[in-house]
Structures are given as C-alpha cells and as structure tokens.
Peer 1: 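The structure that follows is given in the form of structure tokens.
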Amino acid sequence: MPAYPHLFAPIDLGPLALSNRIVMGSMHTGLEETGAWDRVAAFYAERARGGAALMITGGMAPNREGGVFPGAAGLFTEADIAGHRRVTDAVHAEGGRIAMQILHAGRYAYGKECVAPSAVKAPIAPFMPQALDEDGIETQIADIATAAERARAAGYDGVEVMGSEGYLLNQFLAPRTNRRLDAWGGDAEQRMRLPVEVVRRVRAAIGPDMLLIYRISLIDLVPDGQSWPEIVALAHRIEAAGADVLNSGIGWHEARVPTIATSVPRAGFAWVTRKLMGQVGVPLIACNRINTPEVAEAVLAEGCADMVSMARPFLADSDFVAKARAGRGGEITPCIACNQACLDHTFAGKVASCLVNPRAGHETELNYTPAATPRPIAVVGAGPGGMMAAIVAARRGHDVTLFERAAHPGGQLDMARRIPGKEEFAGLMDWFEGELARTGVALRTGTAPDAEMLADFDEVVIATGVRPRDPELPGQDGAHVHAYTDVLRGGAEVGGRVAIIGAGGVGFDVATFLAQDGPSPTLDAAAWRREWGVTDPQTARAGLAPEGPAPAPPARMITLMQRRADKPGRGLGKTTGWIHRAGLRMKGVRMLGGVTYERISPEGVYITRDGAAELIAADTVVLCTGQEPARALADALIAAGRTPHVIGGAHIAAELDAKRAIDEGARLAARL
Ligand code: NAP
Ligand code: SF4
C-alpha cells in the first residue's frame, strides 16, 4: 500500500484520467511576462517531471482590460500561441498535463481601462472601473471563449476559468460589486448569468474532450458577498453548463481575513469545500495551506474533497509528488507560506521564486551540477544561509564540514519558529537537519573554529550571521532590559507591561510572541476562525461572523516603538504586513512612530513624541533595534591571508532575512 493511499488513487475527470489526486494550482510566476518562453517551459517541465498529475498555469488575461497589470501575459492574438506551445510540448514530453487558467481581473486590473459589472472601486485598487454595457459584456465573454480556443490550439489539456478571489466573474456574483438592474444583475439568478454563460461558451469553444475546471468562490469573506444557497445553486448551474471539475476559491483579495499566509492553520479552509461535497456530480478540489502529503492525505481521507491543489509547495519542491509517492515525504522541502519570494516578488514586478528553493523560477540559470573536483569545504555558521551553502556544496560532491557555535543548527530560524503563527519554521528546521544528514555534511555543533582550525579546508564559507545592534540608550543596562534574543530563546522574565524599542520584523515578532496567551491559534483552527471572524457561510453571508473578529485577550500590555515618523510595519512584506499589523491591533498593541528615546528607567521608557514628553510605563523593555554583522572570524581569516566567502548577515546585516541568506548560500555553493 502506498504511503498516501488517497493521494495516489487514480481519478477519471472525464476528458482526462489522472494517476493521482494532486493538482499544482495556479501561480503567477512573472516568467511569461519576460518573454523568455524557454524559462517558462523549464519551470513547468521540471514540475511535470516531479510527478504533478495536473498543473494549472498562472492566470492568463483574455484581453488587455482584463490583465491584472499592464503587460500581463495572455492569449490575446494567434501570435501568442507559439510561446504557450513551447510550454505544453515541454510538459507533455515529461508525461505531464497542463491546463491554462483564464483570469479576467475586472476591477482588480491595475489600469484606467478596467471594467466591472458596476462602477464600484475596489478598496485595494486605485482605479474606478467602467461599468460594462451590454456590448461590453458580450465582448468579455467572447474574449474569454476565444482565449480558451487558443489554449486548445496551444496544446493545453484543459482550461481553468477563474471565477473566485474577487475577480470579474466573482464581481458579477456578489451584491457587493454587482449593482446592475438589467438582466446581468439584480437577483441571485441574474447575477449568476455571466459566469454560467462564460462556462457554456468556453465549453462550446473547446469541445467535449478538453478539461474545463471552474474555480468557484465558496466563501467570499467580504461584506455583501454570496450566500451559501447562492453558491450551491451556482455550482449546479456551472456543472450543467459544462464544467468537469470545481476548484475551490477562498476569500476575495480585498478580504480582511488571511487565507494563505503562514498564520492560517494548515488546510484551514478544507471544511468549506467539504460542505459542497455530495451536492454536485463533478469532483471537487480543496486548496489553501495544504503543504505536506500528510495534510493533503488527511483532507482526502476526511472526505473534504476529491482532489487537493497545492501551488506554492511546488515552488518549494518540484519533486513533491515523486518524493511522496516514494514514501519519502519527510524529504520534501516545505513551503512555509511566507510569501516572501513568491507573492511579494510578484507584487514588486519580479519573477516569483521561493525562499527555501532559490532555483524556483530560475531553472535555466541556477543548477547544482556535480563539482569538477570535489574538495574539502568548511562552512561556519549553521543558520539558513550556512546550512543551504553546506547542502548545495555537498550535493555537488564536495566534502563539507559545517561548524556551529550553538548546540543545535538553525540560527535565526530557531527563534522564528517560536513566534505564534510562524510554526512552519519548525518544519523547515527539521528539513534542513534531515538534508544535512542526507547529503553527508559533517555537522560539528558546539564548535566555534578559529583560523587555525580552518587551515586545511580549500574553501571557507563564513555564515556567522548577525548579533543584535547595541542602541546605546541611557539606562539600557537595567535588569528589566533585554535583547530580543534573550526573550525569544526563553531565558528572560517578562512582566505584564512591555515596551519594545524597534518596530522592524523582529519587533513585530516579539510583540506577537508576548501578546499571545496560551497556544497559537494557528494550531487551533476553531480559535483562529473566532480570532478573524470567520464562520460557516451557511449561517452568515460570505462566511463573516456577525459579531466580527473575537480575538483572545492579550497576555500583556505592549507598546511597540520606532524613531521613523511613518506607521510601524510599513517595511513588512507586501502581502503579509497587513496581517501582522491587524494581529497586533487586535491584541491592543500600541504602535508608535516618530519616537525619540530619552532614557530607560525602572518605570519604563521616557520618550518624546510630537514635542511632548511621555513615560511608556513598562516592567520589561525589549531591544529589537536591528543587527550588525558578526564577522570577527572573517576578519581574522582575511588578516591571516585567506579569502573566505562571506555570506548572509555576516556580509551585510541590513535587511537580512532568510530569503537573502538562503539565496546567497545556494548561489555561492553552486559556483564552488
Ligand atoms: P530592522 O527591520 O532593521 O528594524 C530595526 C528597528 O530598530 C527599526 O524599527 C529601527 O527603527 C530601530 N532601530 C535601529 N537602530 C536603532 C537605534 N540605534 N536605536 C533605536 N532604534 C533603532 O531589523 P529587525 O527588526 O531586526 O529585522 C531584521 C530583518 O529580518 C529585516 O530585514 C526584517 O525584514 C526581517 N524580518 C522580517 C520579519 C517578517 O515578519 N517579515 C520578521 C522578522 C525579521 P528606527 O530607526 O525608526 O527607530
Ligand atoms: Fe512558500 Fe515562502 Fe517559498 Fe512562497 S517563498 S513558495 S510561501 S516558502
């Protein structure tokens, strides 16, 4: 019996029969927009080789006004088919299957030309959309059908019609955005008309033998979203109009509820898909925060869905399916749902990659080929950068020794994993430790080598990381003042009133850590839903609890401060910063910008703000004032005439995060 019997049970979807139940969900990679179709083809081919039964491309615009941003990729003309054909050929050569997602962004399109059912601006978009007239509606439907026809000509095995996440079709469905009084709006029946007509026309365009997936919004999570009876009725209509499979959509992009971030419980929305099970005749796909074969298997075993979709986990490890099939699930590089190198890159106009796998999106230029001459290599510092450097060097055949001063590897990851909502970092640490062993890296913990001990190594990689910056504040030597490292590692005693100096990522983490009383809601799905005000869509329209978010009371009274005048948290991740800020607001954390620290005293921190003096009363003061490179060893080696490779925080501490450290480690080791 395979390790994951439900996952590896074949399934017949009508036009396509698949050998397993795992779909690689749609992700915007940004590769298509580069025009380098060899890179797009390499990206998907690698994942087909890794065993994904079916992959869905990033959303392709059916026309210019429907593109998520100006220049977004699509299938606008016959000439666009050739690039896509290279992708489908490459996937088929690996025995894979691939469907193209058609995404019309509607009012989410970043451009003045954006269109929508009604002229109602999205809170997350700067442009007021034009309300479509009857001809405009027909144009959108025809363009979507034509894109589907071109997808067929490009060799795709199917299409997915994007009907969720608050995009155009979803906008027609919800009273929130559809204020029309004609035949395309009004009651629920008429609001459904456009998505149903789209599916009918797409089916007519592609014929009966090509897969048609419809991504249906099962819980809008926005006020005036759809009711559950409306969603069930829509599912029936979509099935009747010709869809073979329904994929789950969870929440609009403008929803104030996290849906895919790392603090969302694993498989935290599979229960919504389960509600539709047995109500339609076509298979259902569950998604969101499914990131290990165990979680995916449980979703199927518990009857939540017929298939599971994972997207980001395929950035983290293109061999996810092959490893799971071989019973080597523990070897899968875990997606920690951080969004740092994937979605945050997309929003910054960069190619999506992955924090834990820098090769993702760079398959044609970053490869770990066998070393011409295996050599003894020392890596000093077993934080994420050092571990990645050691693993890649060892995979390439080098004889690698990894030194770590502490008793365990992990570095900053060991602190991150303690933050409520960042539990995924623990799995990443486990993977690193396992991979060090699997690749044969000699790990020497409790050892801080000096230049002499490193004399016999051909190459030395210094990944000694960072040390907390000393802010040199008057009074900071008080017994109630602690560096964040002492707080997060559990040694320091922390009172009921806390002042945090420094509101970068670490300040936010420390505030989250100290505000939480009891177990993290990320590990308790019911508590998490209460905290964010999510409820059964059958009892409340769009799944929003009438009473709103009901967070557990905070464990402490916390003030988080920075000197910069802007709002604390501005520099946090584009797609996750709002969640951290909202989380702390819910816990009553006071966040202050524009602070001048006068002195720390036993009563707290004396500050000046807006010209006024203030005492931030505190039993404990925590310093989260950034870091400086820990590079004493690098300097000693250089003084001794060696030329070490210095990476990560030891190289540049500013804006160091695990993404940069891992990327630098991997890229260096690929060259050694
Ligand atoms: P950081 O982002 O540089 O923040 C340091 C904080 O300390 C700032 O608020 C800074 O604000 C303050 N500060 C700096 N020098 C100071 C001084 N001499 N006296 C008083 N205050 C001072 O560093 P970090 O918070 O340690 O984070 C390090 C890296 O890890 C960052 O790249 C961060 O993005 C990343 N990280 C991210 C997350 C996340 O959730 N995304 C979590 C943890 C860490 P002012 O100068 O305005 O006072
Ligand atoms: Fe997952 Fe983070 Fe990688 Fe994105 S960057 S795929 S969220 S681990």
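The shown structure was predicted, so the numbers you read here are calculated from the model rather than taken from an experiment. Both backbone and side-chain heavy atoms feed into the values below; hydrogens, waters and symmetry mates do not. Both ligands and their constituent atoms are indexed starting at 1 by order of listing.
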Peer 1: Looking only at protein heavy atoms, which one is nearest to atom 3 (O) of ligand 1, and how far off is it?
Peer 2: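 Answer for atom 3 (O) of ligand 1: G626 CA, 4.4 Å.
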
Peer 1: Cation-pi between R256 and W532: NZ/CZ under 6.0 Å from ring centre and within 45° of the ring axis?
Peer 2: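 No - R256 does not lie over the ring of W532 by the 6.0 Å and 45° rule.
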
Peer 1: What residue and atom, counting heavy atoms only, is the protein's closest point to atom 22 (C) of ligand 1, and at what distance?
Peer 2: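 Of the protein heavy atoms, R563 NH2, 3.4 Å lies nearest.
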
Peer 1: Is R266 salt-bridged to E424, going by a charged N under 4.0 Å from an acidic O?
Peer 2: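 E424 and R266: salt-bridged.
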
Peer 1: Of the protein's non-hydrogen atoms, which lies at the shortest distance from atom 39 (C) of ligand 1, and what is that distance?
Peer 2: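 Ranking protein heavy atoms by distance from atom 39 (C) of ligand 1, first comes K422 NZ, 3.7 Å.
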
Peer 1: Among G649, G571, G577, G502, whose heavy atom sits nearest atom 12 (C) of ligand 1?
Peer 2: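 Nearest option to atom 12 (C) of ligand 1, by heavy atoms: G502.
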
Peer 1: What protein heavy atom sits nearest atom 24 (P) of ligand 1, and how far away is it?
Peer 2: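 Nearest neighbour among protein heavy atoms for atom 24 (P) of ligand 1, to 0.1 Å: V506 CG2, 3.7 Å.
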
Peer 1: Taking 4.0 Å as the limit for heavy-atom contacts, which would you say applies to Y597 with ligand 1: side chain only, backbone only, both, or neither?
Peer 2: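 Within the 4.0 Å criterion, Y597 contacts ligand 1 through side-chain atoms alone.
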
Peer 1: Applying a heavy-atom cut-off of 4.0 Å, say which part of H580 lies close to ligand 1: side chain, backbone, both or neither.
Peer 2: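 Only the side chain of H580 comes within reach of ligand 1.
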
Peer 1: Got the closest protein heavy atom to atom 21 (N) of ligand 1, with its distance?
Peer 2: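 Nearest neighbour among protein heavy atoms for atom 21 (N) of ligand 1, to 0.1 Å: T625 CG2, 3.3 Å.
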
Peer 1: Examine Y167 together with H253 and report whether their ring centres are nearer than 6.0 Å.
Peer 2: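 Y167 vs H253: aromatic centres under 6.0 Å.
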
Peer 1: Check whether T522 reaches the backbone of S263 with its side chain - one donor and one acceptor, N or O, closer than 3.5 Å.
Peer 2: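 Checking the backbone N and O of S263 against the side chain of T522, a donor-acceptor pair under 3.5 Å is found.
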
Peer 1: Using a heavy-atom cut-off of under 4.0 Å, does the side chain or the backbone of C624 touch ligand 1, or both, or neither?
Peer 2: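 Backbone only.
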
Peer 1: Do the side chains of K323 and E331 get close enough for a salt bridge, i.e. N-O under 4.0 angstrom?
Peer 2: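 Looking at K323 and E331, the cut-off is not met.
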
Peer 1: Does either side chain, that of E598 or that of T608, offer a donor lying less than 3.5 Å from an acceptor on the other one?
Peer 2: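 Note: E598 and T608 side chains meet the donor-acceptor criterion.
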
Peer 1: Taking heavy atoms and a distance under 4.0 Å, where does Q340 meet ligand 1: side chain, backbone, both or neither?
Peer 2: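 For Q340, there is no contact with ligand 1 at all, from either part.
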
Peer 1: Over 60° means perpendicular and under 30° means parallel, so tell me whether F508 and H580 are parallel, tilted or perpendicular.
Peer 2: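 Judged by the thresholds at 30° and 60°, the geometry between F508 and H580 is perpendicular.
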
Peer 1: For atom 37 (C) of ligand 1, what's the nearest protein heavy-atom neighbour? Residue, atom name and distance, please.
Peer 2: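 Nearest neighbour among protein heavy atoms for atom 37 (C) of ligand 1, to 0.1 Å: G505 CA, 3.8 Å.
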
Peer 1: Everything protein-side that's N, O or S and under 2.8 Å from atom 1 (Fe) of ligand 2: list it, residue and atom.
Peer 2: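 The answer, once waters are left aside, is C335 SG.
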
Peer 1: So which of P468, P471, A503 gets nearest to atom 8 (C) of ligand 1, if we judge by its closest heavy atom?
Peer 2: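 Looking at heavy atoms only, the winner is A503.
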
Peer 1: Can we say R497 and D619 salt-bridge, meaning some charged N sits less than 4.0 Å from an Asp/Glu carboxylate O?
Peer 2: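 Judged by the 4.0 Å cut-off on N to carboxylate O distance, R497 and D619 do form a salt bridge.
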
Peer 1: What is the nearest protein non-hydrogen atom to atom 26 (O) of ligand 1, stated with its residue, atom name and distance?
Peer 2: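 I find the closest protein heavy atom is Q627 NE2, 2.8 Å.
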
Peer 1: Atom 29 (C) of ligand 1: which protein heavy atom is closest, and how many Å away?
Peer 2: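 Going by distance alone, atom 29 (C) of ligand 1 is nearest to L656 O, 2.9 Å.
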
Peer 1: Does atom 16 (C) of ligand 1 have a protein heavy-atom neighbour under 4.0 Å away?
Peer 2: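 Within 4.0 Å of atom 16 (C) of ligand 1, protein heavy atoms are found.
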
Peer 1: Just checking, any donor-acceptor pair under 3.5 angstrom between side chains of H345 and K659?
Peer 2: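 Judged by distance alone, the side chains do pair up.
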
Peer 1: Show the numbers, then the answer: is there a ring pair (Phe, Tyr, Trp, His ring centres under 6.0 Å) between F347 and H28?
Peer 2: CA-CA 10 Å; F347 279 95; H28 189 90; 9.4 Å; no

Peer 1: Check the orientation of W252 and Y108. Use parallel for under 30°, tilted for 30 to 60°, and perpendicular for over 60°.
Peer 2: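 Judged by the thresholds at 30° and 60°, the geometry between W252 and Y108 is perpendicular.
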
Peer 1: Any sub-3.5 Å donor-acceptor pair from R563's side-chain atoms to G594's backbone N or O?
Peer 2: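 No, R563 side chain to G594 backbone: no donor-acceptor pair under 3.5 Å.
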
Peer 1: Could you go through E614 and Y606, starting from their C-alpha distance and side-chain angles, then the distance that decides it, and tell me whether this counts as side chain to side chain donor-acceptor pair (under 3.5 Å)?
Peer 2: CA-CA 6 Å; E614 192 181 337; Y606 285 92; over 6 Å; no

